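So the structure is just underneath, and the comments pick up after that.
Every chain is numbered from 1 and lettered A, B, ... according to where its sequence line falls, protein lines coming before strand lines. Basis for what follows: all heavy atoms, side chains included, without hydrogens, waters or symmetry-related copies. Note that the structure is a prediction, hence the values are computed from the model and not measured.
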There are 2 protein chains.
Amino acid sequence: MRYEDLADLPCSITRPLVVLGDRWTLLLLKASFAGVRRFNAFQSALGISRSRLQDRLGRLVEHGILERRTAHDGDHVEYRLTAKGHALYPILMAIRDWGDTYMAPDGPPAHYRHRDCTGEAHVQLTCDACGGTVTARDVAPEPGPGLQAHLGRPETAAEQQRQ
Amino acid sequence: MRYEDLADLPCSITRPLVVLGDRWTLLLLKASFAGVRRFNAFQSALGISRSRLQDRLGRLVEHGILERRTAHDGDHVEYRLTAKGHALYPILMAIRDWGDTYMAPDGPPAHYRHRDCTGEAHVQLTCDACGGTVTARDVAPEPGPGLQAHLGRPETAAEQQRQ
DNA sequence: CGGGCTGGTCTCTTTTTGGAACCGCGGAGT
DNA sequence: ACTCCGCGGTTCCAAAAAGAGACCAGCCCG
């Protein structure tokens, strides 16, 4: 019950990581984006154990990232990405870009091509005002509204020194 | 010894995840980008146990993501991001964008502002040919050179059915 | 009726984590 | 010289998480 408490910290990197940051969750989502929807398909695609898979799918459904439904045509179960889940795609693509650059000595195993176009999809960190490309050094974090709201709450005192 | 084998698969999402996909690694990197460099500072910032921290820092150094060095001014040790480590920033920013949207009911805890500019940094998935913004539905994976190279190797046979 | 498929559960073993004590080193104070 | 402290680091043990595989009920098909 210690690690899960990180989800209370006022940080938009930490909070998602408590949900997504384990061995399997992002791999499951990768499979989802690749069209995998059924329990057994996830299991054989990834080699995850059935109990673990059950647990992780359940978590993702709880968080509204996947939706569990009985397929229209018959009786089997489907796990499908919700809009919230769909919004995770840039994370996977950011990972892929890095993987292509640093962990693919023989070149990219796959091109993620823009449909009906010659180009490929890549993530970019851009400034929403000037439109320029931005690197880590160009970014300065500043307190935002979610931090004030957090500090206003009583139970916050004990955890001040962490960030 | 099963999970680590995923790193052999020809997939630029899977391979980085074997390194980055656990409870602590991305949180460690987040701290690194925030300027944390010393062993004890990581430990008190995150609440990770010392043995785990030691292990994770060592892994990141092995993978060339962090660099371990004795500080110029004296005797203490520093862990600093390498260029390879720096390149992970878009991943953290993609996570943050999602966190700001879906896990920050009171608004973003922090604004990641473009230095000397009024704007904020955000990740975008764009096509490198037409320049347009791209979503998951607009992307079609196609085999790339890294896949052919992988299939050319002998030990590949047993794992064909996974992806 | 039997077999195979489905998603799902249970139990046992192994692996990974967390927590806390301990260590050697170098520096500062006294 | 002696102690005290902070530093990175290690070791040990208990607790939590993960892996492997058997098992189950429901359903459809033959």
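A straight line from CZ of B:Arg69 to C1' of D:dG8 spans 17 Å, rounded to a whole angstrom. When rounded to the nearest whole Å, the span between OH of A:Tyr3 and P of C:dG19 equals 13 Å. Atom-to-atom, CZ of A:Phe39 to C1' of D:dC24 comes out at 14 Å; the value is rounded to the nearest Å. D:dG19 atom C1' lies 14 Å from atom CD of B:Glu4, rounded to whole Å. Rounded to a whole Å, the CG atom of B:Asp5 is 18 Å from the P atom of D:dA18. For B:Glu78 and D:dG6, the CD to P distance is 20 Å, given to the nearest whole Å. For the pair B:Asn40 CG and D:dG8 P, the interatomic distance rounds to 4 Å; values are reported in whole Å. Taking atom CD of residue A:Gln43 and atom P of nucleotide C:dT6, one finds them 11 Å apart after rounding to whole Å.
With values rounded to the nearest 0.5 angstrom, B:Thr126 atom OG1 is found 10.0 Å from A:His114 atom NE2.
Residue contacts for B:Tyr79: at a heavy-atom cut-off of 4.0 Å it reaches the sugar-phosphate backbone alone, with no base atom in range.
Remark: B:Arg23 is not in phosphate contact with C:dT16, judged by side-chain N or O atoms under 4.0 Å from OP1 or OP2. At the phosphate of C:dT17, neither OP1 nor OP2 sits under 4.0 Å from any side-chain N or O atom of B:Trp24.
Partners of B:Glu67 under the side chain to side chain donor-acceptor pair (under 3.5 Å) rule, at least two apart in sequence or in another chain, do not exist in this structure. A search for side chain to side chain donor-acceptor pair (under 3.5 Å) contacts involving A:Thr135 returns A:Asp138, not counting sequence neighbours. Applying the salt bridge (Lys or Arg N to Asp or Glu O under 4.0 Å) criterion to A:Arg50, with sequence neighbours excluded, gives no partner residue. For A:Asp100, the salt bridge (Lys or Arg N to Asp or Glu O under 4.0 Å) partners two or more places apart in sequence, or in a different chain, are A:Arg96. Remark: A:Arg59 engages A:Glu4, A:Asp55 in a salt bridge (Lys or Arg N to Asp or Glu O under 4.0 Å) (not counting sequence neighbours).
Near-neighbour residues of DNA chain D inside residues 48-66 of chain B, defined by a heavy atom below 4.0 Å, number-ordered: B:Arg50, B:Ser51, B:Gln54.
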Verdict with supporting geometry, A:Tyr89 and B:Val139, side-chain contact (heavy atoms from CB on, under 4.5 Å): CA-CA 11 Å; A:Tyr89 199 62; B:Val139 174; 3.4 Å; yes
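When distances run from any side-chain atom of A:Arg38 to the nucleotides C:dG26, C:dT6, D:dG8, the shortest one goes to C:dT6.
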